[in-house]
Amino acid sequence: MSRYISRFILLLSVILLYSCENLTKDSTQQVHSPEVPPNIVILFADDMGYGDTGAFGHPTIQTPNLDRMAYEGQKWTSFYVAASVCTPSRAGLLTGRLPIRSGMCSSRRRVLFPDSEGGLPASEITIAEMLKEQNYKTAAIGKWHLGHLKEYLPPNHGFDYYFGIPYSNDMDRVSNPDITYREGLLNPKTDYFNVPIIKNLEEIERPADQTTITKRYTDETIQFIEENKGNPFFVYLAYSLPHVPLFRSKEFEGHSKRGIYGDVIEEIDWSVGEIMSALEKNGLAENTLVVFTSDNGPWLTFETHAGSAGLLRDGKGSTYEGGMREPTMFYWKGKLKNGVVDGMGSTLDLLPTIASLTGSKLPSDRILDGVDLSETLLKGTESPRKSMIYYWGDELYAYRSGKYKAHFITHERVYRDGKKEFREVPALYDLETDPGEHFDIGEQNADIITKIREEVEKHKQTIDSVENQLVKRSED
Ligand code: MG
């Protein structure tokens, strides 16, 4: 009898051991091993609003490819950019540092212009430079806006290849006495804007034909992916649209019920679909992390030519949520814990997250403002980001700690008739119950404001004064 019992125990132990081993296997399968470094593709729209995709609630703009990224990957509903306008937002994404630390923001000149003499300092370490240490092939396609002089262009910031426009698509305006500034933006023609296309360090076209630009960015990206599929690669594709003036190719004219703005978004969605298919066709989908987001909220001054921040307040240029919370999707076939993440994330987090996923070394000689989101992406754990800082130029306007956001300075409708207001009692919102920032609870919650003020003071202690790149001009 005891022989049977010991056999039974032996059998039971074998079964247990086997299932334990499999359990361990299952749980480790989700953790990415940096021995096989993944490819990274960042897709970055310009001035696209929180509410401009199907997945984020737009009723008439059709975005099946972005929706698929959101539904089959991860949709992040509280994902922030580092600033509410182009230049500082891009500096934050590529360096993982608040633009105040690199001199890439200013309340006097909010972005770089064609007469600017500054740019992203060589001392900054971009995601591309970090990945070059791991032998990645790197490309920047699209709008740069981190300095148009040669020393600042992508090939001098860690990118092996560059194709795109050096600043916004409405710059270098050709003066025309027959047409007002606004009319030129609402009914644009390619030759109203003398914006160049630059390949690596050389100008190859001027003015850029903006009607074919999304298509050409897509072709360039796919070609780069196909040429470099034998290596790990990083593509930073920064679409120059839907920044006004709006352009789309012939095939997308009248494509959307949402008018020309919808056509432009649907062409970007098409582009995302083409890139995803190229990854699939080349057997790369299982080893490529794709991120989609926008650099700042919609440019509401242009009414139906601009996007929608959905349920969020205000848009581009604002430290209300509509200026800095962006529609964000992560996709990595078979790797991500599928679902909706409502914890905070930021473009500032991309550098440390990518470092973790690729086994890259983080810069250790400087302050980084990003946190590593890889556990949330791979396992669905709670996001490690617990606060967000909202700068307007070089001034701190607002601060989010957990679900509460305090505004110390407000300036709504900044490009229209809005007024800057210093708040003696900060406006306070609970963003979990009131994401639209409609109900100020500051008067009733002095203790929460005190706690947030302490966090702000701590942050301010970490800011050193650096040369400002946006106002750097020889006459200054
Ligand atoms: Mg922008």
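Whatever order the structure lists ligands and atoms in, that order sets their numbers, starting from 1.
Among heteroatoms of the N, O or S kind in Asp47, OD1 lies nearest the Mg ion (ligand 1). The Mg ion (ligand 1) sits nearest to atom OD2 when only the N, O or S atoms of Asp295 are considered. Note on Asp46: its N/O/S atom closest to the Mg ion (ligand 1) is OD1.
Below 30°, between 30° and 60°, or above 60°: for Phe302 and Trp299 the angle between ring planes is above 60°, a perpendicular geometry.
In summary, Cys86 places an N/O/S atom under 2.8 Å from the Mg ion (ligand 1), meeting the contact criterion. Residue Ser168: no N/O/S atom is found under 2.8 Å from the Mg ion (ligand 1).
Taking the charged nitrogens against the carboxylate oxygens, Asp464 and Arg101 have no contact shorter than 4.0 Å, which rules out a salt bridge.
In this structure, Lys143 fails the cation-pi test against Tyr217, since its NZ or CZ atom is not both closer than 6.0 Å to the six-membered ring centre and inside 45 degrees of the ring normal. By the 6.0 Å and 45° rule, Arg110 stacks over the aromatic ring of Trp392. Geometrically, Arg423 does not engage Phe408 in a cation-pi contact defined by less than 6.0 Å to the ring centre and at most 45° from the axis.
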